[in-house]
Structure formats: C-alpha cells, structure tokens
Amino acid sequence: MPELVAWRPRVAVAYLCPTLGAIHCFPTPRRAGCKGTPAIKLPEDNPMFMSNPFSGLSASISPAVMQGYIILMVLLVIGGTILDMLHKKSAQYFFENSRKAQKNAKRTVGGGEKASLALKTFANEVLTSGEFRNTRRRLSHLLTMYGFILFVVTTVIMIFGYPTPATPTPAILPQLWHIGALMLCVGGYWFWFFIRVDVSAEGLPWFRFERADLFIVSLLATATFGLIWSYTQSQGIPGWSTLFFLLFIAASTTLFGGVLWSKFAHMFFKPAAAFQKRVTRADGSREGLPDEYDLTNPDVQAKFPDIPEYMGKTPPYMGQGIRRESANHY
C-alpha cells in the first residue's frame with residue numbers, strides 16, 4: 001500500500017524590514033540593507049482576495065488603534081443620526097404624524113396585525129427594496145446596500161477577531177470583504193453615472209457635485225480606495241499602498257463622520273416611515289389621503305353623483321399618468 005503523505009502548501013518566510021519599511025518574502029533574495037528577522041510563514045500563493053489587509057497593516061499600526069477607530073466611527077454615526085433628527089425634526093414629525101393618524105383611524109390595528117405589517121415591511125422595503133418601481137434603480141440599490149453590509153461587517157470581524165497574522169483569518173472573510181466592496185462599486189457607479197435623476201432626467205453632467213452627493217461619493221471612494229489599497233498591499237508596493245490606505249481612511253471618515261450633512265441617517269428613518277404608512281392604510285386613516293375608488297362601482301357613483309354626470313356610468317381608464325414614460329424632458 002502506498003504511503004500517504006499530507007499535502008502542504010509551499011511556504012515562504014516573511015521578514016519585516018525596519019530599514020526599508022516593507023515585508024519581504026523568501027526564498028526570494030533579501031534586499032540589500034535589510035536586517036529584518038523572520039516574522040511569520042506565509043503562503044507564496046497569496047492572492048488579494050485571500051488575504052486580510054488589516055492583519056498585514058498590524059506591522060505598522062497597533063490593532064488597538066484600528067479597533068478604536070471602528071468604535072469612533074460607530075459613535076460618530078450615532079451622534080450624527082441624533083443631531084440629524086434634532087436638526088430636521090424628523091422624529092418629531094414622525095410622532096406627530098402617528099398621533100394624527102390614530103385620531104383619524106377608522107379601526108384599531110391589533111398587536112398581531114402590527115407584527116404582520118412589520119414583517120411585510122422588513123421583507124419588502126428593507127430586504128428587497130420593493131418600494132422602487134424602476135427595476136434598474138432597485139437592482140442598483142440592492143447591490144449597493146448588500147455590498148455595504150458585507151464590507152462593513154467583515155471589516156469589523158477581521159479587525160476585532162483577526163487583527164494580526166498570528167491569528168490566521170478564515171479565507172471566507174477576506175473573500176466576502178472584497179466581494180462586498182465590488183458589489184458596492186458596481187451598484188454605486190451604476191447609479192452615479194446612469195440612474196440618478198440629475199443625469200438621467202435633467203441632463204446635468206455626471207461630474208456635477210453638491211452637498212447632497214456627499215454620501216454616495218464618500219461611499220464609493222471608501223470602497224474604491226479600499227480595493228486599490230488591498231491590491232497594492234498584496235503586490236508589495238509600499239509607497240502606493242500607504243497612499244491608498246490614507247485615502248481609504250479619509251473617505252471612510254468622511255462617510256461616517258459626515259452623517260449630519262448626508263443622507264446616511266435615512267437608512268434608520270426609512271423603515272419606520274414605511275411601517276407607519278402600512279399602519280395608516282390598515283387603520284383607514286391613510287395619512288389624510290382619499291380612498292382609492294372603483295369609479296364604475298354603483299355605490300361609489302351613488303356617493304359621488306358627479307361621476308356619472310360628467311364621466312358617464314363607465315368612466316374610461318385614465319392611463320398610467322406620470323408613469324406613462326420616463327422623465328427626460330430636459
């Protein structure tokens with residue numbers, strides 16, 4: 001019987017060189033002047049998608065500093081969201097509108113029905129972005145949203161769980177990190193160049209920038225510079241790697257620190273508003289809007305005699321109205 005031999009990948013020794021500020025892998029020749037010592041064994045075949053960029057960063061930046069940065073960004077998002085609600089009075093409007101709807105309600109919506117409406121809101125407006133009638137806009141939003149979630153969640157896991165090469169990162173985490181960044185870029189650039197109303201409907205140039213664009217621009221910059229930083233780091237290009245890492249940090253700080261001046265906070269308010277809208281439809285208050293009637297219904301015509309008087313007993317279908325064609329009247 002042939003002898004079974006365990007397979008092992010080819011390995012190379014990584015040397016941290018303090019004089020040249022880079023990590024060299026051997027058996028490739030050591031650079032002149034490098035007095036580094038073996039740090040850790042790394043696979044020679046170490047593609048970008050398989051490596052945790054933050055563990056390689058730990059040679060120059062302490063994991064505690066990286067973790068502190070993540071905590072600071074979370075605090076900035078919380079603080080910015082609270083300030084946004086106070087400045088725009090969105091929470092005040094929401095609760096006042098809720099009390100007004102309760103006064104105009106024609107029936108009481110029970111706890112079980114509200115739970116069912118909450119599940120429908122979560123499945124339709126949150127998970128699948130069903131409020132978008134335009135298929136391209138919906139797909140772009142879903143790619144951006146799920147890409148952002150993958151990107152952020154895996155970043156937190158890798159920085160807190162696997163911050164150094166001493167704790168090997170499961171291959172699935174950097175793969176999901178890169179896939180999330182790519183999804184974010186595809187959905188975001190698709191929106192920026194082809195879908196957003198400034199370009200598609202109003203004929204304005206794609207490079208026109210306003211403060212309202214801060215969210216999408218900083219979001220795209222974060223994912224783009226993150227990918228380029230990961231690539232330059234995996235290819236061992238220290239100068240460019242440092243540059244794109246600094247740009248990555250600047251973009252992410254703008255994204256999470258600029259909540260007050262961007263639409264970042266809307267992702268927390270939007271599900272609550274969608275749920276409230278479903279409740280108002282269920283209790284009959286309908287946010288003060290009239291009911292939707294079938295104009296051919298005899299009971300409706302008896303209630304509104306001017307319908308058969310001016311439109312006949314079988315009013316024609318009035319068409320799709322604003323949805324008849326895409327808005328491109330620039």
Side-chain angles (χ1 to χ4, degrees), residues 81 84 88 90 93-94 97 116-152 179-224 227 255 258-259 261-282 286-294 316-330:
T81 302
D84 181 81
K88 298 177 181 176
S90 54
Y93 168 80
F94 176 80
N97 197 43
S116 175
L117 293 175
L119 288 175
K120 290 179 180 179
T121 302
F122 183 72
N124 189 66
E125 279 83 1
V126 178
L127 292 182
T128 59
S129 302
E131 74 277 12
F132 291 112
R133 299 298 182 93
N134 186 298
T135 303
R136 294 197 312 158
R137 180 68 181 91
R138 185 177 184 181
L139 289 176
S140 168
H141 183 82
L142 289 173
L143 283 169
T144 306
M145 180 181 72
Y146 283 112
F148 176 74
I149 293 172
L150 279 177
F151 187 65
V152 170
I179 290 173
L182 287 172
M183 288 173 60
L184 200 162
C185 286
V186 170
Y189 284 116
W190 188 11
F191 168 77
W192 179 261
F193 287 109
F194 304 105
I195 299 177
R196 65 189 181 114
V197 67
D198 292 14
V199 176
S200 63
E202 298 181 8
L204 299 175
W206 63 266
F207 51 83
R208 181 174 178 267
F209 177 80
E210 293 185 353
R211 192 173 69 175
D213 300 317
L214 179 66
F215 173 73
I216 184 64
V217 171
S218 59
L219 182 64
L220 287 173
T222 300
T224 302
L227 287 171
L255 172 64
V259 172
W261 301 279
S262 74
K263 59 180 293 186
F264 196 106
H266 92 288
M267 66 178 63
F268 306 108
F269 179 75
K270 179 182 171 184
F275 170 72
Q276 181 61 26
K277 182 177 180 180
R278 286 181 179 269
V279 172
T280 59
R281 289 179 176 271
R286 295 179 56 83
E287 299 179 314
L289 297 175
D291 293 329
E292 296 178 359
Y293 294 109
D294 178 8
Y317 175 61
M318 303 303 292
Q320 297 183 13
I322 196 172
R323 297 177 185 163
R324 183 178 293 111
E325 61 182 7
S326 300
N328 56 3
H329 302 296
Y330 51 85

For F215, all residues meeting ring pair (Phe, Tyr, Trp, His ring centres under 6.0 Å), sequence neighbours excluded |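 F215 satisfies ring pair (Phe, Tyr, Trp, His ring centres under 6.0 Å) with F264 once adjacent residues are dropped.
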Who pairs with F132 by ring pair (Phe, Tyr, Trp, His ring centres under 6.0 Å), at least two apart in sequence or on another chain?
->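 With neighbours one apart ignored, the set is H141.
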Please report the closest heavy-atom contact between D84 and V259, naming both atoms and the distance.
->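 So the two residues come closest at OD1-O, 4.4 Å.
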Quick one: closest heavy-atom pair of F194 and R136, and the distance?
->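 The answer is O-NH2, 3.7 Å.
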Residues in side chain to side chain contact (heavy atoms under 4.5 Å, CB included) contact with L227, at least two apart in sequence or another chain |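 Per chain and number, L227 pairs via side chain to side chain contact (heavy atoms under 4.5 Å, CB included) with M48, H178, A181, L182, C185.
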In chain order, what residues pass the side-chain hydrogen bond (donor to acceptor under 3.5 Å, both in side chains) check against N97, with sequence neighbours excluded?
->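 In terms of side-chain hydrogen bond (donor to acceptor under 3.5 Å, both in side chains), with neighbours along the sequence ignored, N97 is linked to no residue.
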Residues which pass side-chain hydrogen bond (donor to acceptor under 3.5 Å, both in side chains) with T224, listed by chain and number, not counting sequence neighbours |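 Y189.
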Below 4.5 Å, heavy atoms only, C-beta onward: do [X] and [Y] meet side chain to side chain?
{"X": "I216", "Y": "R196", "value": "no"}
{"X": "Y146", "Y": "L127", "value": "yes"}
{"X": "M183", "Y": "V186", "value": "no"}

Donor-acceptor under 3.5 Å (T144 side chain, G188 main chain) =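 Side chain of T144 to backbone of G188, a donor-acceptor pair under 3.5 Å: yes, one is there.
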Inter-residue atom distance F148.CZ - L255.CG, 0.5 Å rounding =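 Atom-to-atom, F148:CZ and L255:CG are 5.5 Å apart.
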Could you pull out all donor-acceptor pairs under 3.5 Å where a side-chain atom in residues 270-280 meets a protein atom, sequence neighbours excluded?
residue	atom	partner	partner atom	Å
K270	NZ	E131	OE2	2.3
R278	NE	T121	OG1	3.4
R278	NH2	E125	OE1	3.4
T280	OG1	Q276	O	3.4
T280	OG1	K277	O	2.7

